[in-house]
There are 2 protein chains.
Amino acid sequence: MQPKLEDVAKLAGVSTTTVSRVINNRGYLSESTKDKVFKAMQRLNYQPSSAARALHGKQFKLIGLIFAGITNPIIAEVVEKIEDRLFNRGYKAIICNSLDNPEKERQYLRMLMANQVDGIITGSHNEGIKEYGMTELPIVSYDRYFKDKIPTVRSDNYGGGQLAAKTLIDKGAKKLLLVSGSIDVQMPNNDRITGFNKAVEDRGYTPQTVELPYNSTPAIKRATIHQSLLIDHPDGIFCTDDLTAILCMQEAKKIGMKIPDDLQVIGFDGSTNVQEYNPELSTIVQPLDDIADLLVRLLFNRLDNEDEKLLEEYTLPVELIQRESVKN
Amino acid sequence: MQPKLEDVAKLAGVSTTTVSRVINNRGYLSESTKDKVFKAMQRLNYQPSSAARALHGKQFKLIGLIFAGITNPIIAEVVEKIEDRLFNRGYKAIICNSLDNPEKERQYLRMLMANQVDGIITGSHNEGIKEYGMTELPIVSYDRYFKDKIPTVRSDNYGGGQLAAKTLIDKGAKKLLLVSGSIDVQMPNNDRITGFNKAVEDRGYTPQTVELPYNSTPAIKRATIHQSLLIDHPDGIFCTDDLTAILCMQEAKKIGMKIPDDLQVIGFDGSTNVQEYNPELSTIVQPLDDIADLLVRLLFNRLDNEDEKLLEEYTLPVELIQRESVKN
DNA sequence: AATTCTATGTCAATCGTTTGACATAAATTA
DNA sequence: TAATTTATGTCAAACGATTGACATAGAATT
């Protein structure tokens with residue numbers, strides 16, 4: 001059995017109340033007592049029962065992270081960064097992969113709300129999951145839109161789309177193609193698209209668009225892209241995510257197009273992984289460190305002091321990383 | 001405030017004991033009572049406080065997952081699969097990224113041991129972290145060696161190494177190069193290496209080896225590989241992981257080597273992600289579904305009935321997926 | 001009609017920690 | 001010296017659910 005508070009008290013030769021005081025740092029305490037208690041705690045390898053503590057409204061030190069899945073490199077990276085920051089504050093992260101299954105997401109939300117976690121960071125789909133509105137848990141979201149008072153942190157998707165368009169055109173592209181995931185108002189994708197289209201049209205061009213349904217397999221995506229390359233003959237492509245951009249480059253090469261001479265490509269996200277293993281790809285990079293920092297900061301803000309007024313949206317600047325897939 | 005058991009009882013018009021009986025399915029219960037109670041629970045959106053339950057030795061329904069990090073695609077995939085299986089059993093996963101930091105891993109272990117989780121699945125480094133031996137928590141491990149009674153699940157690393165060697169040689173490779181991560185006895189890497197070397201030597205060849213220190217950046221890895229390609233002139237490479245294999249192929253192409261004509265490459269792991277976005281790469285595939293299944297099954301075995309004798313090691317068969325990076 | 005099951009209720013202790021109320025005494029300050 | 005601050009202790013009531021002991025009464029079985 002785990003040692004309990006009483007055991008610590010006994011070993012330290014003080015009362016249980018005193019031990020509790022030391023742990024919670026309340027009331028008057030002498031250094032020597034604190035020392036004795038800490039030493040006893042160490043010797044016994046004591047850890048207060050978070051169950052018992054939680055019963056008194058203390059924090060569980062647990063945060064729920066709801067994301068679609070962690071096999072997407074950009075999500076894996078955000079989640080990893082968030083987890084690390086939570087750890088530094090003494091919190092642990094429960095990983096909830098919705099896998100694009102609303103039912104799973106809903107169930108997870110209920111489980112989290114029960115009374116397990118102190119807060120939630122969500123970056124998942126949530127097509128009108130009413131449970132989000134049903135809780136008083138502090139929630140912050142990454143890159144998703146909520147009507148209610150849930151603050152959202154995201155990259156400047158619109159600006160990133162514009163930047164991509166501007167860059168491609170400046171580098172001489174004339175036949176522009178936009179390859180996007182599902183076009184859905186709730187999704188960040190949307191801003192990337194509108195930003196891109198706006199900037200393209202402003203410069204007097206008309207962009208072609210290829211929409212890849214959200215749940216299509218890479219094989220289908222490849223085929224669709226392949227087709228489009230042959231038909232539309234683009235010389236500049238913007239993809240709303242890096243993975244799609246990789247497919248574009250690969251398919252282009254297959255049909256003998258040279259990058260960047262025949263075709264320039266810009267992606268979006270800039271996860272470390274993609275950058276390291278696809279060094280050719282130019283991309284609009286999300287500031288993941290800042291995003292993770294801000295998400296966690298906002299969450300703890302709501303956790304610690306209820307009254308501070310938070311903004312509804314925090315938009316962080318993106319950056320173009322220029323690699324071989326665009327001309328110099 | 002969350003509704004409590006008492007509120008449910010009141011609404012259902014029964015005693016708190018009865019509600020508890022319904023929840024825990026103990027004693028005699030009529031269908032009609034169960035119905036009333038479940039309806040009341042639903043209406044109130046009631047969830048029993050897991051804190052209160054945990055005080056009575058009930059499960060927290062929480063499992064700790066300790067891994068190095070989730071940005072490695074193969075780990076992301078295992079973790080995601082494990083999480084899904086835990087979810088199906090009503091459990092949640094705490095994600096603990098050690099980030100190759102023994103101190104962080106140790107701290108996480110302590111936190112988990114405290115009394116938060118019901119069990120642990122670890123796939124991390126654990127260079128002699130004594131805490132693993134200090135707990136009675138059920139633990140199972142993925143691909144790591146422990147002395148004690150912690151069961152290990154892993155792919156047939158040795159056999160995979162052999163298979164890679166056999167394949168390369170059968171396809172006509174004569175100058176074999178092994179590119180590996182750190183050679184460390186505790187690591188699965190090691191078996192892949194020895195399996196490969198054994199099979200190569202059995203066939204009368206002598207393999208060259210390049211060791212890439214564990215924490216070197218991709219840039220350094222690239223340079224090392226580049227160097228070796230120029231000096232050793234291999235015509236067959238086995239990498240102990242897919243990511244390294246990707247680097248090899250890219251560097252080879254840079255110096256004008258044709259794959260698979262001049263150089264054949266086989267990797268290891270076979271994560272969905274790598275297969276989808278690097279379709280050229282042949283690789284030894286780990287049976288991730290089986291691995292996740294087994295890990296979770298073993299864990300629950302230990303969770304549910306203490307007495308069943310588990311094996312110390314479970315080795316699952318691997319498979320070669322042959323793509324363009326080896327000759328037909 | 002007697003016995004056993006089934007279905008529910010009451011009551012209270014328990015899990016490990018927190019916390020408030022109150023007491024005491026030594027150390028410090030006015 | 002008196003008043004205050006500091007440092008600890010004792011005691012007991014929470015927190016929310018579980019569970020065992022025991023009671024009661026209708027239903028089903030013998």
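So you know, we letter chains A, B, ... as the sequences are listed, proteins then strands, and number each from 1.
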Item to complete: Determine: side-chain N/O of A:S20 to OP1/OP2 of C:dT18, distance under 4.0 Å, yes or no.
Response: yes
Item to complete: Please report the C-alpha distance between B:T122 and B:Y132 in whole Å, then the side-chain angles of each, then the deciding distance to 0.1 Å, and finally whether the side chain to side chain donor-acceptor pair (under 3.5 Å) criterion is met.
Response: CA-CA 10 Å; B:T122 178; B:Y132 277 109; 2.9 Å; yes
Worksheet item: Does a side-chain N or O from B:R53 land closer than 4.0 Å to OP1 or OP2 of D:dT18, or not?
Response: yes
Discussion item. Within the 4.0 Å heavy-atom criterion, would you say A:S30 contacts the bases, only the backbone, or no part of the nucleic acid?
Written reply: sugar-phosphate
Response to the item:
Taken to the nearest whole Å, CD/A:E31 to P/C:dA27 is 17 Å
Worksheet item: Could B:D7 and B:R43 be called an ion pair, given the rule that one side-chain N must be under 4.0 Å from one carboxylate O?
Response: no
Practice prompt. Can you tell me the distance, in whole Å, between the CD1 atom of B:I23 and the P atom of D:dT19?
Written response: 11 Å
Item to complete: Please state how far atom CD in A:Q59 lies from atom C1' in C:dT17, giving the value in whole angstrom units.
Response: 16 Å
Response to the item:
A:M41 CE to C:dT17 C1', in whole Å, measures 13 Å
Practice prompt. Mark yes when over 12 heavy atoms from residues, nucleotides or ligands other than B:E6 sit less than 6.0 Å from its CD; otherwise mark no.
Written response: no
Fill in: d(CG, B:L5; P, D:dT18) in whole Å
6 Å
Practice prompt. Remember a base hit wins even if backbone is also touched, and classify B:V14 as base, sugar-phosphate or nothing at under 4.0 Å, heavy atoms.
Written response: sugar-phosphate
Discussion item. Atom CD of residue position A:E103 - does it have more than 12 heavy atoms of other residues, nucleotides or ligands inside 6.0 Å?
Written reply: yes
Practice prompt. Verify the contact: side-chain N or O of A:K4 to OP1 or OP2 of C:dC15, cut-off strictly under 4.0 Å; return yes or no.
Written response: no
Discussion item. Would you say B:Y28 places a side-chain N or O within less than 4.0 Å of OP1 or OP2 belonging to C:dA7?
Written reply: no
Item to complete: Could you tell me whether the phosphate oxygens of D:dG16, OP1 or OP2, come under 4.0 Å of any side-chain nitrogen or oxygen in B:S49?
Response: no
Item to complete: Using heavy atoms to find the nearest nucleotide of DNA chain C for B:L29 and A:A52 separately, return the residue whose nucleotide is more 5′.
Response: B:L29
Discussion item. Just N and O in the side chain of A:R21: are any of them under 4.0 Å from OP1 or OP2 of D:dA7?
Written reply: no
